[in-house]
There are 2 protein chains.
Amino acid sequence: MDFFNHIGKMALGSRLRMLTEKITEDAAQIYKLYDIDMQPKWFPVFYVLSKGEEKTITAIAREIGHSHPSVSKIISEMSKKGFVTEKKDETDGRRNVVCLSEIGMQVTHQIEDQYVDVASAIDEIAAQTRNDLWKAIEEWEFVLEQKTLLRRVQEQKKLRESSQVRIVDYRREYQLAFRNLNQEWISAYFKMEESDFKALDDPEGYILNKGGKILVALYKEEPLGVCALIKMDDPDYDFELAKMAVSPKAQGKSIGWLLGQAIISKAKELGASKIYLESNTILKPAINLYHKLGFQKVAGRITPYERCNIQMELIIK
Amino acid sequence: MDFFNHIGKMALGSRLRMLTEKITEDAAQIYKLYDIDMQPKWFPVFYVLSKGEEKTITAIAREIGHSHPSVSKIISEMSKKGFVTEKKDETDGRRNVVCLSEIGMQVTHQIEDQYVDVASAIDEIAAQTRNDLWKAIEEWEFVLEQKTLLRRVQEQKKLRESSQVRIVDYRREYQLAFRNLNQEWISAYFKMEESDFKALDDPEGYILNKGGKILVALYKEEPLGVCALIKMDDPDYDFELAKMAVSPKAQGKSIGWLLGQAIISKAKELGASKIYLESNTILKPAINLYHKLGFQKVAGRITPYERCNIQMELIIK
DNA sequence: TAAATTTGCGTAATCAGTTACGTAATTAAT
DNA sequence: ATTAATTACGTAACTGATTACGCAAATTTA
């Protein structure tokens, strides 16, 4: 088992499987020891029936946490051995009502000694260990119930990746990225318009020189997100948040969120008290992000963009 | 999972299996998350090859603790995907020497982020639990290595059963058991002799009334073992230990040991200082038992029994 | 009351491992 | 130099679970 100590947590699954195997392998032998003609895999089914109640296949499956075909098969095997009797429910013809037979009930008595001895053996092992396997399993079941391992790994990935994102000021070398990232989503959902071309082809002339700002998100030195703050000629608003674009391949790295926060604090630095933006309700993730950043829906302004069907603003405190 | 808390330790195997399933189920998704075209079951094989060394199928199997057919299958699947290259060993034509291909080595780099995130996710879970699953598994592996679960259960069974054995004085109702239990082994290995019949048919006349003693071992009120102390007319010895018999169906309950100890302490009570016995070396378990009880081999006495080829004595302190 | 949906359960296919077995190559023993 | 034993490994069959699917009965909906 030395192998596992090297690779660490990655193979937790493999390791669990091997321990499981080792234990269930012995289980078959243990039944033999007590002269009980029962397969270990029958045990959970056997146990729920051992109180003498009648149960349907699916009821048993639910109770023991197996799939119903599994129980179905086990019951037919136990039936062949004469441990259980099956009968159709009279009032509901779909149900297969199962209960322990005379023979099965006898086994419940024979097996009692085995319960005791197995429990003692396991207690003996538990006494020799510092970490309680039984409780650990219970805790893991609980914790995984709350949030799956997959979700947790996803979160770790996002966390790690977003910590590798750097937000930097626009430089001439990013012009192509600024253009392409924006063109990508605009032409996917809408149509490039006159004013798009102007701003994207000459960001320095149309944005920076007019007192605006552009930020670029770098992931592993590659520009994968961009966002602009355009100076507005309006008494109500200082800037328009526009041309925000994140590469689809950079999803799940919180780049939008990081860019948004950075551009807002940049606006604050520039003394802005109110930012405006235009968008379209088809872009649900974007609207969502704006909302999370603190933007509120407003209405009434005239806009040069056809694609605009929602307007939002953020009051900077 | 409430079910398991009821039946307790008996279904440790079942429960482990279910946790294993839950974890490995997510594993496949996790690889997808990192865009790695690898199946979780490949991982152990992949890992041992990731240092770039060439290995044979069986060497890998040994290292990761799988069976060789399992590795064989995994390698052929990985080979189909181009992750590994196989080639026959030049000096030993049986060996299939495997190593990671160019593509496989690339994956070792892609997968590094995944290692980190999975490890963090598991650490996060560990931080939320009081019992360390990882260490618990390790301990169980170690403890089961020392002595299997089967062995432990066997021991518990013996312990419990021997505590249910009662050693009682002979009474007339046990005469049939005394006779049958002895006849069973004598006629199985040897032939009933004249003196056997005398003692077995009339134990009161031939043993008790002459100052001897008979003890009976009861298991669940059934006489399953007997043993006699026969008064000897000899200056060297006080008693002969004889007619010791245990039912074959009562094996593993330490009945022989309990009877032996009881009869020795009975001899002590009766003031004996030396006990004698005769046996045959074919009866290995019996000789063994006598040895454990403290008897030592001696020689030289004349005996009426044909079957005697070993003589032993015990000096009582 | 007819149609649609849900429920119960059996069968078939699949999956990731195993053991059993056969074959070929190598090594050891006579 | 044979013969026997061991080793490497692939194929086949089995195992204990799963998901997928389909049928029939029961229930709900229109």
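Convention: sequence-line order gives letters A, B, ...; per-chain numbering from 1. The figures that follow rest on heavy atoms only: side chains count, while hydrogens, waters and symmetry mates do not.
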Between B/Val97 and A/Pro40, which has a closest nucleotide on DNA chain D that is more 5'?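 The residue closer to the strand's 5' end, by nearest nucleotide, is B/Val97.
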DNA chain D nearest-nucleotide lookup for A/Pro69 and A/Asp92: closer to the 5′ end is A/Pro69
Separation of [X] atom [atom1] from [N] atom [atom2], in whole Å?
{"X": "A/Lys41", "N": "C/dT18", "atom1": "NZ", "atom2": "P", "answer": "18 Å"}
{"X": "B/His68", "N": "C/dG22", "atom1": "NE2", "atom2": "P", "answer": "14 Å"}
{"X": "A/Ile60", "N": "C/dG8", "atom1": "CD1", "atom2": "P", "answer": "13 Å"}
{"X": "A/Gln39", "N": "D/dT15", "atom1": "CD", "atom2": "P", "answer": "8 Å"}
{"X": "B/Glu86", "N": "D/dG10", "atom1": "CD", "atom2": "P", "answer": "7 Å"}
{"X": "B/Glu77", "N": "D/dG10", "atom1": "CD", "atom2": "C1'", "answer": "14 Å"}

Will you find, in the side chains of A/Gln156 and B/Glu124, an N or O donor that is under 3.5 Å from an N or O acceptor? yes
Quick check against the 3.5 Å criterion: does B/Asp132 have a side-chain atom that pairs as donor or acceptor with the backbone of B/Lys135? yes
Check: B/Val116 main-chain N/O paired with B/Ser120 side-chain donor or acceptor under 3.5 Å: yes
Any donor-acceptor pair, under 3.5 Å, between the side chain of B/Arg94 and the base of C/dT26, if you only look at N and O atoms? no
Base C/dG17 paired with B/His66 side chain (donor-acceptor, <3.5 Å): no
Given [options], the nucleotide with the shortest approach to the side chain of [X]:
{"X": "B/Arg17", "options": "D/dA26, C/dA16, D/dA17", "value": "D/dA17"}
{"X": "A/Ile57", "options": "C/dG10, C/dG8, D/dC9", "value": "C/dG10"}
{"X": "A/Lys73", "options": "D/dA8, C/dC9, D/dA17", "value": "D/dA17"}

Check this one for me: any side-chain N or O of [X] less than 4.0 Å away from OP1 or OP2 of [N]?
{"X": "B/Asn96", "N": "D/dA8", "result": "no"}
{"X": "A/Ser70", "N": "D/dA17", "result": "no"}
{"X": "B/Thr58", "N": "D/dC9", "result": "yes"}
{"X": "B/Ser72", "N": "D/dC9", "result": "no"}
{"X": "A/Ser67", "N": "D/dT18", "result": "yes"}

Between A/Asp37 and A/Lys81, does any side-chain N to carboxylate O distance fall below 4.0 Å? yes
Any Lys/Arg nitrogen of B/Glu77 or B/Lys73 sitting under 4.0 Å from an Asp/Glu carboxylate oxygen of the other? no
